[in-house]
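Counting convention: from 1, in listed order, for ligands and their atoms alike. In this chain, numbering begins with 1 at the start of the sequence shown.
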Amino acid sequence: MPQLITEANELATAGVTISHLSKSFGSNLVLDDISMTVAPGSVTALIGPSGSGKSTLLRCVNLLEQPDRGTVTVGSTTIEAGAKVTDRALLALRRQVGMVFQSFNLFPHMTVLRNVAYPQEKILGRSRAEAEERALTLLERVGLRDKAQQHPGRCSGGQQQRIAIVRALALNPRAMLFDEPTSALDPEVGVEVLAVMRELADSGMTMIVVTHEMQFARDVSDHLVVMADGHIIEEGDPRAIMAAPSQERTRRFLSAVL
Ligand code: ADP
Ligand code: MG
């Protein structure tokens, strides 16, 4: 498979730092003083039981949710909870972070080509010709150029997720967040998506990946973070933690998913 990122100027990867982040929904404290650092070009896998706050954490990183306390830094942009966030700072941060969801979230009424081109036109102000050219280049790289004129509904789940990844990449993000990108897919189809993610990691993209795919976490991630009840209960080398978790709750979680 060709490299997803070939030109050096496409990849200005950035680190992500989360510092003392807290978030409640009503009286439910969902993230309790979370701090973590993702080095530029590294991959962090985020695991933990359902309801532990993984999705909320990712959503706080690109400010789909407003944290109550703490800061999020991507590259040279820092957003502080509570402080008056200017639209400009918000946009600056969002532009640097691409996100891929479990449920693809493609625009059903647009062709695959328009799905990938339209956000570039809207968000980056690229011309239609320029955006579509870039879309075709990226679709080619994930083996989906022949789907360009079809609607997403005609594509398999694995193809739709690869299109969603390409759509995010087309905006030249400096970091990518993945929220259980293969959970809605049959295992044999999930493999195609994981292959694209592995390639992206090899290209040097900074990534935070919420996943239950322990083989991916073991083989691709540089760092493993285990969450439970809004806390980081354990983090470190993925292989070391999988071989010998220090926390009983990690052990229980791993024995359920491995
Ligand atoms: P995970 O991704 O680890 O399964 P989530 O971040 O989705 O966990 O959820 C953590 C907790 O926050 C859960 O108790 C969930 O019900 C709650 N929660 C998440 N999003 C919202 C929301 N928009 N409004 C209220 N509660 C929410
Ligand atoms: Mg979740």
* Work out whether the distance between some heavy atom of Gly48 and some atom of ligand 1 is less than 4.0 Å. =>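 Checking ligand 1 against Gly48, which is what was asked, there is no heavy-atom contact under 4.0 Å.
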* Asked: Backbone, side chain, both or neither: what part of Thr56 comes under 4.0 angstrom of ligand 1, heavy atoms only?
  ->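 Both parts.
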* What part of Leu57, side chain from CB on, backbone N/CA/C/O, both or neither, has a heavy atom under 4.0 Å from ligand 1? ->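 For Leu57, no heavy atom sits under 4.0 Å from ligand 1.
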* Do His151 and Phe107 have their ring centres less than 6.0 Å from each other? ->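 Aromatic pair excluded; centres sit 6.0 Å or further apart.
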In the protein, what heavy atom is nearest to [atom], and what distance, to one decimal place, separates them?
| atom | result |
| --- | --- |
| atom 7 (O) of ligand 1 | Ser55 CB, 3.7 Å |
| atom 3 (O) of ligand 1 | Lys54 NZ, 2.8 Å |
| atom 4 (O) of ligand 1 | Gly51 N, 2.7 Å |
| atom 21 (C) of ligand 1 | Phe25 CE1, 3.3 Å |

Counting from 1, what ligand 1 atoms have a heavy atom of [X] closer than 4.0 Å?
| X | result |
| --- | --- |
| Asn28 | 14 (O) |
| Val30 | 10 (C), 11 (C), 12 (O) |
| Ser52 | 1 (P), 3 (O), 8 (O) |
| Ser50 | 4 (O) |

* What's the spacing between Gln160 CD and Ser103 OG if we round to 0.5 Å? -> 10.5 Å
Exercise: do [X] and [Y] side chains pair donor with acceptor under 3.5 Å:
| X | Y | answer |
| --- | --- | --- |
| Arg134 | Asn172 | yes |
| Gln96 | Thr77 | yes |
| Thr17 | Thr73 | no |
| Glu234 | Ser246 | yes |

* Asked: How about atom 15 (C) of ligand 1: does it have a protein heavy atom within less than 4.0 Å?
  ->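 No.
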* Kindly check if the number of other-residue, nucleotide or ligand heavy atoms within 6.0 Å of CD (Gln247) is above 12? =>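 Enclosed: over 12 neighbouring heavy atoms sit under 6.0 Å from CD of Gln247.
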* Asked: More than 12 heavy atoms of other residues, nucleotides or ligands under 6.0 Å from CD of Gln150: is that the case?
  -> yes
* Asked: Is the backbone of Thr111 close enough, under 3.5 Å, to the side chain of Asn115 for a donor and an acceptor to pair up by distance?
  ->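 Flag set: sc Asn115 to bb Thr111 pair under 3.5 Å.
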* Counting backbone and side-chain atoms alike, does Thr56 have an N/O/S atom under 2.8 Å from the Mg ion (ligand 2)? ->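 No, since none of the N, O or S atoms of Thr56 sits under 2.8 Å from the Mg ion (ligand 2).
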* Asked: Is there at least one pair of N or O atoms, one from Gly53 and one from ligand 1, spaced under 3.5 Å apart?
  ->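 Yes.
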